[in-house]
Amino acid sequence: MNIGLIVNAKGRVCLVHDEPFSATPLWVGYHVDKRMIEIIFDNGSTYPIDWTATEEMHPYLVRSEKILMIRLEDQQPVEGYDTSLLMLKDGKLLDAPEKQALEQALLTQESSDTSEEQERQEHDSEDNGKTFADVSEPFGKGGDGQRNIGLIVNARGRVCMVYDVPFEASPLWVGYHLDWRQLEIVFDNGTTYLIEWNATQEMHTYLIRTNQILLIRMVDRKPVEGLDCSFLLLRNGRFVEDILSTDDETFYINSLGQLVLSLGKARHEQAPDRARLHAFTASLSLQWSDADEQHRIRVNDAWLKKLIAATSIRVQAVHDDTAEAPGDSFDVSLPLELDFSLTAEDTQEESPTGQALH
């Protein structure tokens with residue numbers, strides 16, 4: 001039997017195999033001490049997989065509570081199980097405090113990685129005489145002028161805020177004001193800390209895709225404290241629930257209640273002919289009759305639900321004078337086709353990371 005492990009576009013861990021098991025999978029265990037996976041079936045039998053998780057896959061497994069098992073035939077999905085993923089050590093289930101300690105150890109390691117990444121970027125910046133605004137945004141003093149604060153995207157792609165003076169209360173969550181492009185920390189005692197800084201366009205693209213941020217306090221360039229906080233988008237001081245922005249696209253609901261996709265700039269000389277929602281991979285594809293390729297856009301869970309319930313979508317684009325081959329502006333309403341199938345292309349090319357077991 002061939003078995004592979006992937007993380008799909010939504011960050012879900014999936015186990016892909018090409019032959020049926022002799023019994024129904026009940027749950028899957030991850031031996032954190034051996035970094036090996038074992039499947040447990042409803043008849044009491046088990047299936048240990050002779051494979052060791054990589055450094056890249058290990059954090060995904062530790063933080064997952066569910067795993068999607070998909071059986072393929074001729075590269076097509078024919079069967080799937082959504083089962084629990086439980087942590088094991090010395091053959092025994094980890095209790096809640098042990099699992100929390102394991103996740104904290106990962107958090108500490110990520111903090112250390114962030115510190116090393118920041119030092120490397122600062123060294124490279126000095127050597128090359130330039131800053132790295134695409135992954136690092138040192139924005140100096142905080143709103144009260146008492147502490148130095150910086151923003152960085154670490155080697156694992158996580159957005160981190162580093163600072164040097166402890167706050168008077170515990171951070172509860174961090175908000176990003178889309179209209180101001182400023183960050184605000186909200187504490188458990190009800191106070192807030194507005195950072196007087198405006199995100200660059202490059203950092204903005206990271207922030208609008210983030211739902212968690214790692215706050216790290218540094219002393220003598222060493223991480224001494226870390227906290228993983230929720231990261232929420234705000235507009236006019238309120239939570240944003242009806243907008244989704246990516247690099248070049250923005251989804252929103254207009255005043256007429258219509259779902260709108262603004263491409264920002266015309267990618268083709270004419271408007272698209274078809275719009276298809278791929279429910280399994282949470283993506284929307286646009287197709288043109290004069291082109292073989294399609295333009296696919298990721299959506300989050302909230303917008304996936306909105307799109308599934310919709311029957312049409314309005315697609316807009318603005319003429320781009322700076323493009324080498326600018327197209328015409330357009331504004332069209334297209335029927336929204338729903339596709340609930342999963343193809344082999346989705347399981348292979350759509351995944352940000354993947355690993356073959358054997």
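Keep in mind that this is a model prediction, so the values were computed, not measured. All values below come from the heavy atoms of this structure, side chains included, with hydrogens, waters and symmetry mates left out.
- Applying the side chain to side chain donor-acceptor pair (under 3.5 Å) test to every pair with at least one member in residues 23-33, sequence neighbours left out, gives these pairs: Y30-H58, H31-E38.
- The two residues E19 and H17 come nearest to each other via the heavy atoms O-ND1, 2.8 Å.
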Should L277 and D339 be marked as a side-chain contact (heavy atoms from CB on, under 4.5 Å) after you check the CA-CA gap, both sets of side-chain angles, and the distance that decides it?
CA-CA 6 Å; L277 177 65; D339 185 356; over 6 Å; no
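- The backbone N or O of Y60 sits less than 3.5 Å from a side-chain atom of S64, completing a donor-acceptor pair.
- Within the 4.5 Å cutoff, the side chain of I152 has no heavy atoms near those of the M161 side chain.
- Applying the salt bridge (charged side-chain N to carboxylate O under 4.0 Å, His left out) rule to D273 yields no partners; only residues at least two apart in sequence or on another chain are considered.
- Here I216 contributes atom CD1 and L227 contributes atom CG; the two are 10.5 Å apart, rounded to the nearest 0.5 Å.
- Side-chain atoms of S285 and H278 form a donor-acceptor pair, as typed in the model, at a separation below 3.5 Å.
- Using cut-offs of 30° and 60° for the angle between ring planes, the Y193 and F187 rings count as perpendicular.
- By the 4.5 Å heavy-atom criterion applied to side chains, L334 and V315 are counted as neighbours.
- With contacts defined as side-chain heavy-atom distances shorter than 4.5 Å, the pair I313/F251 qualifies.
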Mind running side-chain contact (heavy atoms from CB on, under 4.5 Å) on V32 and L102 for me, showing each step along the way?
CA-CA 9 Å; V32 296; L102 182 62; 3.6 Å; yes
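- E98 pairs by the side-chain hydrogen bond (donor to acceptor under 3.5 Å, both in side chains) definition with nothing, not counting sequence neighbours.
- Following chains of ILVMFWY side-chain contacts shorter than 4.5 Å, one cannot reach M36 starting from L15, and the two form parts of different hydrophobic clusters.
- The CD1 atom of I308 sits 9.5 Å away from the CG atom of L336 when rounded to the nearest 0.5 Å.
- Summarising the geometry, atom CG belonging to L194 is positioned 6.5 Å from atom CH2 belonging to W180; distances are rounded to the nearest 0.5 Å.
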Show your working on side-chain contact (heavy atoms from CB on, under 4.5 Å) between L72 and V16 and close with a plain yes or no.
CA-CA 7 Å; L72 301 177; V16 183; 3.2 Å; yes
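- Between I49 and I3 there is a side-chain heavy-atom pair separated by less than 4.5 Å.
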Going through the distances and angles, do V299 and K306 end up as a side-chain contact (heavy atoms from CB on, under 4.5 Å)?
CA-CA 10 Å; V299 297; K306 288 181 173 67; over 6 Å; no
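- Using a 4.5 Å heavy-atom cutoff, the side chains of H295 and W288 are in contact.
- Put simply, CD1 on I40 and CG on L26 are 8.0 Å apart, with the number rounded to the nearest 0.5 Å.
- Listed by chain and residue number, nothing satisfies the salt bridge (charged side-chain N to carboxylate O under 4.0 Å, His left out) test with D18 (two or more places apart in sequence, or in another chain).
- Smallest separation of non-hydrogen atoms from M69 and T83: SD-OG1, 3.9 Å.
- Annotation: salt bridge (charged side-chain N to carboxylate O under 4.0 Å, His left out) contacts involving residues 173-184, sequence neighbours excluded, are absent.
- Smallest separation of non-hydrogen atoms from G175 and L234: CA-CD1, 4.0 Å.
- Residues passing the side-chain hydrogen bond (donor to acceptor under 3.5 Å, both in side chains) test with Y176 are H204, sequence neighbours excluded.
- Side chain to side chain, S262 and Q316 fail the donor-acceptor criterion of an N or O pair below 3.5 Å.
- Every residue meeting the side-chain contact (heavy atoms from CB on, under 4.5 Å) condition with S230, not counting sequence neighbours, appears here in chain and number order: W173, Q212.
- Counting heavy atoms from C-beta on, the side chains of I185 and Y163 never come closer than 4.5 Å.
- Listed by chain and residue number, R71, E73 satisfy the side-chain contact (heavy atoms from CB on, under 4.5 Å) test with V78 (two or more places apart in sequence, or in another chain).
- Under the side-chain contact (heavy atoms from CB on, under 4.5 Å) criterion, K305 pairs with no residue, sequence neighbours left out.
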Apply the test salt bridge (charged side-chain N to carboxylate O under 4.0 Å, His left out) to residues D82 and K66: give CA-CA distance (whole Å), side-chain angles for both, the deciding distance (0.1 Å), then the verdict.
CA-CA 7 Å; D82 196 11; K66 291 281 187 177; 5.3 Å; no
Contacts table for residues 85-94: side-chain donor-acceptor under 3.5 angstrom, sequence neighbours left out:
none

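- One distance of note links CD1 of I39 with CD1 of I67; it measures 8.0 Å at 0.5 Å rounding.
- V332 and L259 fall within the same hydrophobic cluster, where Ile, Leu, Val, Met, Phe, Trp and Tyr residues are linked whenever their side-chain heavy atoms come under 4.5 Å apart, directly or through other members.
- Hydrophobic cluster membership of V165, counting Ile, Leu, Val, Met, Phe, Trp and Tyr whose side-chain heavy atoms lie under 4.5 Å apart directly or via other members: none, as it forms a cluster of its own.
- Here the side chains of L207 and I213 are not in contact, with every heavy-atom distance at 4.5 Å or above.
- The same ILVMFWY cluster, assembled from side-chain heavy atoms under 4.5 Å apart, contains both L338 and I297.
- In this structure, F167 and P171 approach most closely via the heavy-atom pair CD1-CG, 4.3 Å.
- A distance of 6.0 Å separates CG of L284 from CG of L307, quoted to the nearest 0.5 Å.
- Residues L5 and M57 have side chains in contact (heavy-atom distance under 4.5 Å, counting atoms from C-beta outward).
- For L172, the side-chain contact (heavy atoms from CB on, under 4.5 Å) test picks out no residue, with sequence neighbours left out.
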